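Since we're looking at a predicted model, the values are computed, not measured.
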Amino acid sequence: QVQLVESGGGLVQAGDSLRLSCAASGRSFSGWAMGWFRQAPGKEREFLAQITWQYGGTVYADSVKGRFTISRDNANNTVLLQMNSLKPDDTAVYYCAAKNSPRGGLRPDDFNSWGQGTQVTVSS
């Protein structure tokens, strides 16, 4: 059974940086893709970034392109999200997700497994 555990959230000020981690376990993820999403109160869950586990190909949402960077550490089965120049609008619960294909869509329903989320709060 796939388990995803996020960490690294917290309270920061506008302009600060934060790095989120997602520890993945339960199977081999070769051939899978990993994604990061976020959900603010009263809003839908929003796609942020995806990385394919085997080749490291990345896709970003326009809203975070140039500020957020997704990467993976194959040796430790960990996916990272480096977030720079944070804004108050980035305040949300951030989720790690796994998809059993490097292809397919980028909607929440396209991902098979989810972590419990980690809160990121950016003060102005």
Side-chain angles (χ1 to χ4, degrees):
Q1 182 177 355
V2 173
Q3 284 194 314
L4 305 174
V5 180
E6 303 97 334
S7 62
L11 172 63
V12 298
Q13 292 187 329
D16 285 351
S17 297
L18 206 58
R19 189 176 74 169
L20 305 182
S21 295
C22 172
S25 62
R27 61 160 296 130
S28 168
F29 292 95
S30 176
W32 285 50
M34 307 296 290
W36 282 98
F37 289 74
R38 68 185 177 190
Q39 189 165 18
K43 295 188 177 181
E44 294 187 351
R45 194 163 294 192
E46 174 190 13
F47 168 80
L48 300 176
Q50 175 185 279
I51 188 166
T52 60
W53 204 272
Q54 187 168 7
Y55 296 110
T58 58
V59 180
Y60 292 94
D62 289 342
S63 60
V64 302
K65 197 174 296 183
R67 291 194 303 128
F68 291 9
T69 302
I70 190 170
S71 61
R72 86 254 192 259
D73 179 349
N74 286 15
N76 293 303
N77 266 17
T78 300
V79 178
L80 305 172
L81 185 68
Q82 177 67 41
M83 306 186 294
N84 297 329
S85 302
L86 285 164
K87 309 171 185 178
D89 284 349
D90 293 318
T91 295
V93 177
Y94 283 68
Y95 296 92
C96 176
K99 182 170 65 174
N100 60 3
S101 170
R103 294 172 292 277
L106 300 172
R107 302 166 302 172
D109 287 348
D110 295 310
F111 287 75
N112 308 105
S113 302
W114 292 84
Q116 81 289 350
T118 185
Q119 176 71 46
V120 172
T121 304
V122 184
S123 64
S124 57

| message | side chain to side chain contact (heavy atoms under 4.5 Å, CB included) for Val120 and Met83? Distances and angles first, verdict last. | response | CA-CA 11 Å; Val120 172; Met83 306 186 294; 4.0 Å; yes
| Donor-acceptor under 3.5 Å (Asn112 side chain, Asn100 main chain) | yes
| task | Identify whether Tyr95 and Leu4 are in the same connected component of the hydrophobic contact network (ILVMFWY, side-chain heavy atoms under 4.5 Å). | result | no
| remark: When every non-hydrogen atom of Ala40 is compared with those of Ala92, the smallest separation belongs to N-CB, 3.8 Å
| Linking I/L/V/M/F/W/Y whenever any side-chain heavy atoms sit under 4.5 Å apart, do Trp36 and Leu86 land together? | yes
| Are any side-chain N or O atoms of Thr91 and backbone N or O atoms of Val122, one a donor and one an acceptor, separated by less than 3.5 Å? | yes
| message | Just checking Arg19: does its CZ atom have more than 12 heavy atoms from other residues, nucleotides or ligands closer to it than 6.0 angstrom? | response | no
| query | Going only through I, L, V, M, F, W and Y residues with side-chain contacts under 4.5 Å, is there a path from Leu80 to Tyr60? | reply | no
| query | Any side-chain heavy atom of Leu20 within less than 4.5 Å of one from Thr118? | reply | yes
| message | Could you go through Asn84 and Phe68, starting from their C-alpha distance and side-chain angles, then the distance that decides it, and tell me whether this counts as side chain to side chain contact (heavy atoms under 4.5 Å, CB included)? | response | CA-CA 6 Å; Asn84 297 329; Phe68 291 9; over 6 Å; no
| request: Give the cluster check for Phe111 versus Met34: same hydrophobic cluster or not, with ILVMFWY residues linked at side-chain heavy-atom distances below 4.5 Å. | output: no
| Do Val93 and Arg38 pass the side chain to side chain contact (heavy atoms under 4.5 Å, CB included) test, and can you show the C-alpha distance, the side-chain angles, and the key distance before you say yes or no? | CA-CA 5 Å; Val93 177; Arg38 68 185 177 190; over 6 Å; no
| said: Does any part of the side chain of Leu106, heavy atoms only, come nearer than 4.5 Å to the side chain of Val59, both counted from C-beta? | reply: yes
| message | Once rounded to the nearest 0.5 Å, what's the spacing between atom CZ of Arg103 and atom CG of Asp110? | response | 13.5 Å
| said: On a heavy-atom basis, which atom in Pro88 and which in Ser124 lie closest, and how many Å separate them? | reply: CG-CB, 3.8 Å
| said: If we ignore hydrogens and angles and just use 3.5 Å, is the side chain of Glu6 paired with the main-chain N or O of Cys96 as donor and acceptor? | reply: yes
| message | I'd like to know if Val12 and Leu48 are part of one continuous hydrophobic network [Ile/Leu/Val/Met/Phe/Trp/Tyr, side-chain heavy atoms within less than 4.5 Å]. | response | yes
| query | Which heavy atom in Ser21 sits nearest to a heavy atom in Thr78, and how many Å separate them? | reply | CB-CG2, 4.3 Å
| Check: Ala75 main-chain N/O paired with Asp73 side-chain donor or acceptor under 3.5 Å | yes
| Do any N or O atoms from the side chain of Arg72 and from the backbone of Trp53 form a donor-acceptor pair under 3.5 angstrom? | yes
| Is Lys99 reaching over with its side chain to a backbone N or O of Gly105, donor-acceptor style, under 3.5 angstrom? | yes
| said: Pair Asp90, Lys87 - check salt bridge (Lys or Arg N to Asp or Glu O under 4.0 Å), show working. | reply: CA-CA 5 Å; Asp90 293 318; Lys87 309 171 185 178; over 6 Å; no
| Exercise: identify the closest heavy-atom pair between Ala33 and Pro102 | CB-CA, 4.1 Å
| query | Backbone N or O of Ser123 within a donor-acceptor pair of the Gln13 side chain at under 3.5 Å? | reply | no
| message | Under a 3.5 Å threshold, yes or no: a donor from one side chain and an acceptor from the other, between Glu46 and Ser63? | response | yes
| Once the angle between the rings of Phe37 and Phe47 is folded into 0 to 90°, is it parallel (under 30°), tilted (30 to 60°) or perpendicular (over 60°)? | perpendicular
| query | Counting only heavy atoms not in Gln3, do more than 12 fall under 6.0 Å of its CD? | reply | no
| Is it true that Lys65 and Asp62 have a side-chain N and a carboxylate O under 4.0 angstrom from each other? | yes
| So Gln50 and Thr52, side chain to side chain donor-acceptor pair (under 3.5 Å) or not? Walk me through it. | CA-CA 7 Å; Gln50 175 185 279; Thr52 60; over 6 Å; no
